[in-house]
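Before any comments, here is the structure.
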Amino acid sequence: MRPIQMVDTKNQYLKIKNEIDTAIEQVISSAAYIGGKAVQDFTTALNTYNGSKHTITCANGTDALQIAMMALNLQPGDEVITPSFTYIATTEVVALLKLKPVFVEVDAKTFCIDANAIRKAITPKTKAIVPVHLYGQAAPMEAIMQIAEEYNLFVIEDNAQAIGCTYTYSNGTKKKTGSIGHIGCTSFYPSKNLGAFGDGGAIFTDDDALAEKIKMIANHGQSKRYYHDVVGCNSRLDGIQAAILNEKLKHLDAYNAARQTAAAFYNKAFANHSKITTPFVAHYSTHVYHQYTLQLQNVNRDGLNAYLAEKKIPSMIYYPVPGHKQKMFENFGLNNYNLETTDWLTERVISLPIHTELDTEQLTYITTEILNYINNI
Ligand SMILES: *Cc1c(COP(=O)(O)O)cnc(C)c1O
């Protein structure tokens, strides 16, 4: 059996090695390391794929979120509602920009932000909502956009884990996640569903004025070379990463389908087990399984993790400490938070290896060993 990894980017690369190597060589021989044709081509292809009017590439997903928030003219102390149960990047940029992160609950089944919890957290200072399409499934965007409209709030989607995911509105309309809010952000970190061989990110919007502003902010606030209108930053995708991503984008739907096949294998193996809850997929969303995350009941999670490690099966806890318990946010009144669902999930989730290269032999071995441990304690 091939060794099992949480994510296997190497074997994924080997399958399209010629295309990727050629694309990289073209960038090197054209010397367009920053900007240039590869970045333009990828931006155009991604724009078509994700269905927004504008796509702006940048250096990474965290920058994408930061630039999106900088484009909204928010003032220090303005409140931004986000889930506590997410990767730190979502909430860190809020605090970095001197805004106030307001942590709310997620839905215990989908792991995504709870629309009712958003409603309850709104104050006169609330300016934006940042839903996260956690693990590869859409947050309840229709309800979120409704709330945003009602209260005149901006919505920035954190689509770092869900590129390729499709959201279905109650009237049947379908949209890609990242193209629903006022701004969508994504990451091309190597382990993401569309991963570069380094860092990368992108920002989506349908709004012409916001697109201009975002472009400007990502490029030192420059409207014209050496004329800087606003304080911005330096955030760009390099040519080599763009060339790699452009090749991989052609395979993204197949990559996500391979993740779904692996997830279906896991689902079947763990179906109806009293101690294991498999991922729930909401009717309004597809699931692109950036993570395959179980909820355990009456299982010693550390024991399972150690047992699997002994069997050379990696597993991870995403995320062991939610935002409302992070020291970096200690000035934001964390003691006032009582997020029971988030705390409950934090203690019970475990993520299994999920990627495009898992084979039946590996999946059989992983599920057999997990059941061995759980059924024999
Ligand atoms: C990966 C990730 C980010 C940040 O992306 P980087 O490219 O690593 O900066 C933001 N939010 C979520 C939910 C992520 O998973």
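Ligands are counted one by one from 1 in listed order, and the atoms in each one are counted from 1 as well. Residue numbers run from 1 in the order of the sequence given. Below, each value reflects all heavy atoms present in this structure, side chains not excepted, and no hydrogens, waters or symmetry copies. All of these numbers come straight from a predicted model, not from anything done at the bench.
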* Measure up the Phe85 and Phe111 rings against each other and bin them: parallel (under 30°), tilted (30 to 60°), perpendicular (over 60°). => parallel
* To do: Indicate yes or no: does Asp207 engage Lys53 in a salt bridge with an N to O separation below 4.0 Å.
  => no
* Which atoms of ligand 1 are found less than 4.0 Å from any heavy atom of Asn60? -> 7 (O), 9 (O)
* **Protein residue, atom and distance nearest to atom 15 (O) of ligand 1, heavy-atom basis** => Gln161 NE2, 2.8 Å
* Cation-aromatic face contact Lys224/Tyr227, 6.0 Å, 45 degrees -> yes
* Residue part near ligand 1, for Thr62, under 4.0 Å between non-hydrogen atoms -> both
* Do any nitrogen or oxygen atoms of Tyr319 come within less than 3.5 Å of a nitrogen or oxygen of ligand 1? -> no
* Asked: With Leu358, which of Asp8, Leu363, Asn11 fulfils side chain to side chain contact (heavy atoms under 4.5 Å, CB included)?
  -> Leu363
* **Distance filter under 4.0 Å to Ala89 heavy atoms, resulting ligand 1 atoms** => 3 (C), 4 (C), 10 (C)
* Modelled atom types, side-chain donor and acceptor of Tyr307 and Glu369, under 3.5 Å -> yes
* ligand 1 atoms in contact with Ser187 (distance to a heavy atom under 4.0 Å) -> 5 (O), 6 (P), 7 (O)
* Asked: Between Lys109 and Phe280, is NZ or CZ placed under 6.0 angstrom from the six-membered ring centre and within 45° of the ring axis?
  -> yes
* Using distance alone, determine whether Asp158 and ligand 1 share an N or O pair under 3.5 Å. => yes
* Among all protein heavy atoms, pick out the one at the shortest distance from atom 2 (C) of ligand 1; state its residue, atom name and that distance to 0.1 Å. => Lys192 NZ, 2.6 Å
* Within-shell test, His133 vs ligand 1, heavy atom, strictly < 4.0 Å -> no
* Is there any N or O on Asp63 that sits under 3.5 Å from an N or O of ligand 1? -> no
* Distance in Å, Ser84 OG paired with Tyr319 OH, rounded so as to fall on 0.5 Å steps -> 12.5 Å
* Asked: Quick one: does ligand 1 sit under 4.0 Å from the side chain of His290, the backbone, both or neither, non-hydrogen atoms only?
  -> neither
* Asked: Would one find an N or O of Gly61, backbone or side chain, under 3.5 Å from an N or O of ligand 1?
  -> yes
* Asked: Among side-chain atoms of His324 and Asp343, is any donor-acceptor pair under 3.5 angstrom?
  -> yes
